[in-house]
There are 2 protein chains.
Amino acid sequence: MRQTDRTAGKRRGATIIDVARVADVAVGTVSRYLNGETIRRSNREQIERAIQDLGYRRNAAAASIRTDLTHMIGFLVPTFDEFHARMLEYLAISVRQTGRALLTYCHGGDPRVVAEALDFFAAQRVDALVMDGTAEVYDRVDDLIHHDIPIIFYNNDVRGLAADRVMVENHRASYRLISHLIDLGHTRIGMLTGDPRNSSGIERLAGYEQALRDRGIVVDASLAVRGNWRMDGGYEATKRLMSLESPPTAIFSANYGMAVGALSWLKENGRHVPDDISLASFDDVAIFRLYEAGITAVAQPVASIAETITDILVERLTEPSGGATRSVVLECDIILRGSTRRIT
Amino acid sequence: MRQTDRTAGKRRGATIIDVARVADVAVGTVSRYLNGETIRRSNREQIERAIQDLGYRRNAAAASIRTDLTHMIGFLVPTFDEFHARMLEYLAISVRQTGRALLTYCHGGDPRVVAEALDFFAAQRVDALVMDGTAEVYDRVDDLIHHDIPIIFYNNDVRGLAADRVMVENHRASYRLISHLIDLGHTRIGMLTGDPRNSSGIERLAGYEQALRDRGIVVDASLAVRGNWRMDGGYEATKRLMSLESPPTAIFSANYGMAVGALSWLKENGRHVPDDISLASFDDVAIFRLYEAGITAVAQPVASIAETITDILVERLTEPSGGATRSVVLECDIILRGSTRRIT
DNA sequence: TTGTATGCGTTATCAG
DNA sequence: CTGATAACGCATACAA
C-alpha cells in the first residue's frame, strides 16, 4: 500500500489515483468531486469512503501547477508593531473568509530582505501581494507586476507603479490634530517624524507644517525631529526636542512606538503630561484611553483598511483581470483626550 | 514566445525548459544550477543570461510536488494580541533566516476555523506547523502527525500528542508573583484567569492557588474569576471581583489584555493603583514600565521561545526524522514595579 | 455524468 | 559534469 511507503523518512500520502482505485471510479471523477462538481450519488459515497479510509489529502501544490492559483496572499511588512499586528489580525480573518491564507514575511527595514521576500513570493506564486510600501523596491515590484501578480500597497505608497492602494488621509489627520493644538494656544509644536522614505512619514509631516503655516506660524525645522518609527527613536528625538533653547509646549508623534519613547523620556526627566507638555500621537491603542488623563490620538480605521484590501483582492482575483488600478483613501478619527491641554 | 502567451488573463511565465532552450543546455543542467550544484562555467553564464532575458522565476509548487518540501511553516494562533504579535515577529525573522516563511492563520477561538486551518495546512503541505494549542484539536492534529507533519506547540499544550513543545514556567511564575504579593501583606488576592481550556490558563491559576496554600491562606474560589484573555473579559471580571462583599486588595491578571480591562474598570470607578488596590499581570509590555508607577509583570522570554522553536524546526526538518519529541520549558522574569505595594 | 489521455514545471535517475 | 526521460499529483479537454 502506498500509504505505508517511506522514502528517506518522508512518507508520501495517498493520491487522487489511490482514491480512484479504491472507489473504483476514474481519477477525473474524483477530481471533479473534490472541486465541488456534481457527481452521481453512488460514486460520491464511494469516493468519500475511500478518502476517509486512505486518509487522503489533496495536494494543493500539484493543483496549483495546473491552475496557477495557490490561494495564498503574500503579506510583507517591516515589523509587527501595534499597527501592523492589528492589520494582520483583521486581514487574516477577512482573507480567510475567501478561502485564502497569508504568507507573511517581516523585513525589518532591510532592503536585502525585502528583495529576498519578493523573490520568495514570486517563486511561491502567491495569488497577490499586500505590502507596506518602501521606496527602494520600485524595480522589483514592477517586475512582479509584469508577472501578473496583483500588488496592493497599504500604509505607505510607492509612486508610479501599476498597483492598487489603500491609504489613510495622513495629511489631513495631521493637519486637524495640529490645528487643534494651535486652537489650544500652542505655537511651538514639536513633531517626532517617521522615516522620510515612507510616504506616510512625509504626509504626516507635511500636514503638520501646513497646519502651522495656515495659522501664520513659521515652521521651525528644528522642531521636526526625525525618528525611526520605533521607541528608541522617539526617546532620542524627544530628548533633542526638549534640549532646545526654546523647547516645544506640545509634541506630536507620527506613530505609537515613538510616542511610547517620548513618554519614556518625559517620565524619566520629570516632565508631566499635560501640565508640563502636551502630547498627541498617530495610532490609537487601547491603553491610550487609560494612560493618565488619556492620550490624544489619531485613530486609523484598521478594520476598514483590511476589508477594503480584501475587497480589492477578491475583485482582482475573480474579475477578467486588467482594469484600472484603484486607490482608496480612508478617513481617520481624531480622539481628543487629556494629554493635550490649553496653554496659558 | 511563451512569455507573451495569455490564457484567460493569467500569463504563464517562462519555465525551466525555456531557459534550457535559450541557454542551449539540458533542463537537468538548469535544475542543478538552480539548486546550487556545480556547473561548468560557460554553461552557468549562459544560463544566467537566459534567466535574465526571460525573466524566469522558478515555480516552487512544481518543485515541491517532487521534493515534498514547501519551505513553508504553518503558524496557527487564536489572535494577534501583544504576545502573539511579538511571537510572530521573532519567529518570522528567525524562520526567514533558514529560508522559510510562515503561512499564518488566525482562528479567533472558533473550533471550526481551527479545523479549516488544519485542513488548509495539510493541503498546502507545510513542512511543519507551529501552533498555540487548544483542547478540541486533538484528533485533527493527531491526523497531521500521522501524515508526518511535525507539530510544535507553544504557549498552550495539548497532552498526549507526539509533538514538540516550547512552553514557559507558568505555574512557577504565578507562584513567585503571588508569593511576592503575600510578602507584601496581601491575603485577599483576586485573579483574572484565562480560559480553562488552555493549559497556560490552568497552570497560571494553579500556581496562584498553590502559593496561597503554601502560605496558609485558604483559597477562596470567588476570588478567581474567569476571563477570556481579552480586555472585555478583564473588565467584567474585575467588576465582579470588586463587587464582592470583601473585595481583594490585589489583582493578578493572567495576561495583558485582561490587565488593560482591569485598569479600565478601576479607572472608571475611581480606584487608584496601587493606593486602593495592587495590580500585577502576566506578559510584560513596553507601556507597563511607564504606566503610573509601573505595572508589576511576568515577562515571558519571547525571543527565546521563538529561537527554540526555530531550532527544533530545523532539527526536525534536517535530521533523518523520527527521534523523541522535545519538551522545552523556559523561565520567566518577574518585574517588580510600583503597581504592587505593601499593605498595612 | 464519466473515463481517458495529456500537460503543468520540476526533480531525480541513469547512462554517457 | 551533462543530456534524456521518467516520475510527481492533479486538472481538464475530449470523446463516450
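We name chains A, B, ... by the order of the sequence lines, and we start the count at 1 in each one.
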Q) Counting N and O atoms only, with roles assigned by atom type, does the side chain of R165(A) sit under 3.5 Å from a partner on the main chain of V158(A), one being a donor and the other an acceptor? A) yes
Taken to the nearest whole Å, CZ/R66(A) to C1'/dC8(C) is 5 Å
Would you say a side-chain N or O of N35(A) is under 4.0 Å from OP1 or OP2 of dA11(D)? yes
Here the pair of heavy atoms bringing H147(A) nearest to R57(B) is CE1-CG, 3.7 Å
Rounded to whole Å, the CG-P distance (D68(A) to dG9(C)) equals 7 Å
task = Could you go through the salt bridge (Lys or Arg N to Asp or Glu O under 4.0 Å) check for E45(B) and R49(B) one step at a time?
result = CA-CA 6 Å; E45(B) 286 164 356; R49(B) 193 168 325 125; 5.4 Å; no
> Going through the checks in order, is the side-chain contact (heavy atoms from CB on, under 4.5 Å) test met by I16(A) and S31(A)?
Replying inline: CA-CA 7 Å; I16(A) 198 175; S31(A) 176; 3.8 Å; yes
- Task: Give R32(A) one of three labels, base, sugar-phosphate or nothing, depending on what nucleic acid heavy atoms sit under 4.0 Å from its own.
- Result: base
Output yes when at least one side-chain N/O atom of T29(B) is less than 4.0 Å from OP1 or OP2 of dG3(D), else no. yes
Would you call the rings of Y154(A) and F75(A) parallel, tilted or perpendicular if under 30° counts as parallel and over 60° as perpendicular? parallel
Rounded to 10°, the angle between the first-five-pair and last-five-pair axes of the helix from dT1(C)-dA16(D) to dG16(C)-dC1(D) is 30°
Rounded to whole Å, CD1 of I65(B) lies from C1' of dA12(C) at a distance of 13 Å
In whole angstroms, the gap separating P of dG9(C) from CD1 of I17(B) amounts to 7 Å
| Is the closest side-chain donor-acceptor distance between T325(B) and D164(B) under 3.5 Å? | no
**Message:** Within the 4.0 Å heavy-atom criterion, would you say V30(A) contacts the bases, only the backbone, or no part of the nucleic acid?
**Reply:** nothing
In terms of relative ring orientation, are F120(B) and Y105(B) parallel, tilted or perpendicular, with 30° and 60° separating the classes? tilted
When V141(A), V130(A), D132(A) are each screened for side-chain contact (heavy atoms from CB on, under 4.5 Å) with F153(A), the one that passes is V141(A)
Regarding the side chain of A26(B), the nearest nucleotide among dA11(D), dG3(D), dT4(C) is dG3(D)
- Hey, does the side chain of D18(A) reach the backbone of T15(A) with a donor-acceptor pair shorter than 3.5 angstrom? yes
From CD of Q124(A) across to C1' of dT10(C) the rounded distance in Å is 14 Å
Separation of dT2(C) atom C1' from Q46(A) atom CD, nearest Å, is 13 Å
task = Ignoring hydrogens and angles, state whether a donor on the side chain of N156(A) or S200(A) is under 3.5 Å from an acceptor on the partner side chain.
result = yes
For this session: Using a heavy-atom cut-off of under 4.0 Å over every strand shown, decide if Y56(B) touches base, sugar-phosphate, or nothing.
Result: sugar-phosphate
Here the distance between atom P of dC8(D) and atom CD1 of I16(B), to the nearest Å, is 18 Å
Numerically ordered, the residues 37-44 of chain A set in heavy-atom contact under 4.0 Å with DNA chain C is T38(A), I39(A), R40(A), N43(A)
Atom OH of Y33(A) and atom P of dG3(C) are separated, to the nearest Å, by 16 Å
query: Heavy atoms under 4.0 Å, any strand shown: does S31(A) hit a base, just sugar-phosphate, or nothing?
result: base
